[in-house]
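Presented below is the structure to which this report refers.
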Amino acid sequence: MSDVSVEKGAYRILGIRDNAFSSKAIHVAYGVDERFIRALCTSIASVVKNTDASVVAHVFSDSFDNMLASLQQLSDQLGISVVLHPVDAEQFSGWATEGWSSAIYQRLVMAPVLAPFAPRFLYLDADVLCVGDISPLFGLDLHGNIAAAVQDPDKSGHAFDHSSYSCDRYFNSGVLLVDARAWNENDITSSLYQLLSEKSHEFRSYDQDALNVVLDGRIEILPPAYNYPADTNSHVIVKEYKQENPVAQPVLIHFMGGKKPWVEGVDGEGSNVDQYLHYEQFTPFKDVPRQQPKTHREAKVCASYMIKHKQYVMGIYWFFKYLMMKYSKK
């Protein structure tokens with residue numbers, strides 16, 4: 001069994017509320033780095049604004065230096081407790097992270113930490129927006145399973161194409177309802193740690209693939225409304241999935257793919273982006289202009305947006321930025 005180092009320091013609570021840790025409180029958890037602080041705050045605000053229950057937000061990160069002020073302000077604005085859990089990123093050393101940071105692995109070590117707080121918690125990616133009441137999930141019968149999630153739009157689990165693994169029902173780990181007690185009793189964190197230490201480079205979606213392998217046969221499948229792709233994602237697989245699974249009123253909207261609503265140039269006219277921008281008004285970022293594109297994909301999206309809206313000079317500018325970002329040797 002692998003020796004899993006979950007924390008490198010004691011947790012810290014921002015905003016201690018009288019009813020925050022009652023048995024009726026809802027616990028949501030996130031694993032992020034500072035690049036996603038804006039999305040994180042908006043996601044938390046959206047959860048709070050759509051439930052009458054007390055919400056406790058748990059944030060796992062290897063550094064809070066550039067996030068602390070925003071999270072403290074968010075706690076004050078929303079009147080909730082935000083619990084900071086420092087994570088030792090060294091434990092993920094050597095694991096595949098191409099295109100990502102080690103923050104993608106933080107969800108794997110949450111259950112041992114959160115079990116004393118609550119028997120059940122809801123993990124959310126920072127780019128998941130809540131637009132309905134999630135409280136029914138906390139009374140859901142898991143039928144003896146360890147966790148619950150929504151089947152991935154790519155139901156075949158294409159991530160396993162280049163590995164020796166497979167699973168019965170491939171799920172998306174951006175929304176994961178966890179029975180912390182069952183997780184710990186089955187030593188899931190150690191199993192994940194051992195698998196990823198040995199095989200992470202065989203996977204395409206790294207942490208999500210590992211979760212599917214280890215939890216295979218022990219996952220409750222949730223309705224699509226609890227992890228519905230945002231309309232910013234135009235991938236053919238996602239389009240087919242949404243045609244097969246129409247949802248009039250999603251509860252959790254997931255901004256899968258490269259188009260993120262906090263980045264300039266992602267079209268928000270009559271789309272889920274407008275919903276995101278609405279909930280951002282309840283955060284410290286309400287008066288902050290949207291983030292400038294930082295990758296070649298974001299620059300390409302921004303260029304298309306500007307040209308579509310007849311802002312040709314800016315469209316040309318961002319098109320050349322796109323080319324420079326994509327073909328730079330740096």
Side-chain angles (χ1 to χ4, degrees), residues 1-6 29-31 60 87-115 120-125 127-128 140 142-224 226-227 229 237-238 241 254 256-257:
M1 184 181 299
S2 300
D3 181 16
V4 179
S5 174
V6 176
Y30 300 84
F60 289 70
V87 177
D88 184 2
E90 286 300 314
Q91 65 186 300
F92 312 129
S93 178
W95 296 9
T97 57
E98 185 178 350
W100 304 93
S101 75
S102 62
I104 63 174
Y105 294 117
Q106 291 168 0
R107 78 192 80 187
L108 311 184
V109 298
M110 291 178 177
V113 179
L114 296 183
R120 181 176 293 194
F121 66 90
L122 183 67
Y123 167 82
L124 298 176
D125 277 356
D127 59 357
V128 171
L140 182 70
L142 296 184
H143 301 103
N145 289 301
I146 294 172
V150 174
Q151 196 164 11
D152 194 77
D154 182 3
K155 293 173 286 188
S156 65
H158 72 281
F160 294 126
D161 287 351
H162 299 291
S163 78
S164 57
Y165 296 99
S166 63
C167 63
D168 182 32
R169 293 179 295 181
Y170 189 81
F171 62 86
N172 184 281
S173 63
V175 175
L176 196 63
L177 181 67
V178 177
D179 182 328
R181 187 178 295 110
W183 181 290
N184 295 331
E185 288 175 353
N186 287 274
D187 212 9
I188 299 300
T189 293
S190 289
S191 296
L192 288 163
Y193 190 95
Q194 183 173 356
L195 176 62
L196 285 161
S197 295
E198 298 172 355
K199 305 289 186 179
S200 67
H201 293 276
E202 290 189 20
F203 296 137
R204 213 177 264 180
S205 295
Y206 308 137
D207 55 312
Q208 179 168 284
D209 293 350
L211 282 162
N212 271 273
V213 171
V214 173
L215 293 176
D216 188 30
R218 298 183 285 182
I219 193 84
E220 182 80 6
I221 297 299
L222 296 172
Y226 285 105
N227 190 353
I237 291 177
V238 173
Y241 172 82
H254 193 173
M256 305 173 184

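As the structure is a prediction and not an experimental result, all values here were calculated from the model. Nothing fancy with the numbering, it's 1 onward along the sequence.
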TODO: Find out whether T189 and V109 are in side-chain contact, i.e. whether some heavy atom of one side chain is under 4.5 Å from a heavy atom of the other.
DONE: yes
Practice prompt. Ignoring hydrogens and angles, tell me if any N or O in the side chain of Q208 forms a donor-acceptor pair with the backbone of S173 under 3.5 Å.
Written response: yes
Indicate yes or no: at least one non-hydrogen side-chain atom of Y193 is less than 4.5 angstrom from one of L108. no
Scanning both residues in full, the closest heavy-atom pair of N227 with M256 reads OD1-CE, 3.7 Å
Rounding to 0.5 Å, atoms CG (L195) and OG (S190) come to a distance of 12.5 Å
To the nearest 0.5 Å, atom OH of Y241 lies from atom CD of Q151 at 7.5 Å
>> Under a 3.5 Å distance rule, please check whether D152 uses its side chain to pair with a backbone N or O of D154 as donor and acceptor.
In response: yes
Worksheet item: Do I219 and L176 come close enough that some side-chain heavy atom pair is under 4.5 Å?
Response: yes
Could you check F60 against L114 for side chain to side chain contact (heavy atoms under 4.5 Å, CB included), going step by step and ending with a plain yes or no?
CA-CA 11 Å; F60 289 70; L114 296 183; 4.0 Å; yes
All heavy atoms of Y123 vs all of G31, minimum pair found to be CE1-N, 3.8 Å
Taking side chain as C-beta onward, heavy atoms only, is Y30 less than 4.5 Å from V128?
-> no
* Any side-chain heavy atom of R107 within less than 4.5 Å of one from D125? -> yes
Under a plain distance cut-off of 3.5 Å, with no hydrogens placed, do Y170 and D209 share a side-chain donor-acceptor pair? yes
* Asked: Should V214 and I188 count as side-chain neighbours, where that means a heavy-atom distance under 4.5 Å?
  -> yes
Minimal heavy-atom distance between L140 and L222, with the atoms involved, is CD2-CD2, 3.4 Å
Residues L142 and A148: closest non-hydrogen pair is CD2-CB, 3.7 Å
Here the gap from N212 atom CG to D207 atom CG, rounded to the nearest 0.5 Å, amounts to 10.0 Å
Heavy-atom nearest pair, F171 first then A149, reads CD1-CB, 3.6 Å
Is a side-chain N or O of D127 found less than 3.5 angstrom from the main chain of H254, in a donor-acceptor match?
no
Taken to the nearest 0.5 Å, the spacing of I221 CD1 from Y226 OH works out to 14.5 Å
Taking every heavy atom of G217 against every heavy atom of N145, the minimum-distance pair comes out as O-OD1, 3.8 Å
Verdict with reasoning, I146 to L215, per side chain to side chain contact (heavy atoms under 4.5 Å, CB included) | CA-CA 8 Å; I146 294 172; L215 293 176; 4.1 Å; yes
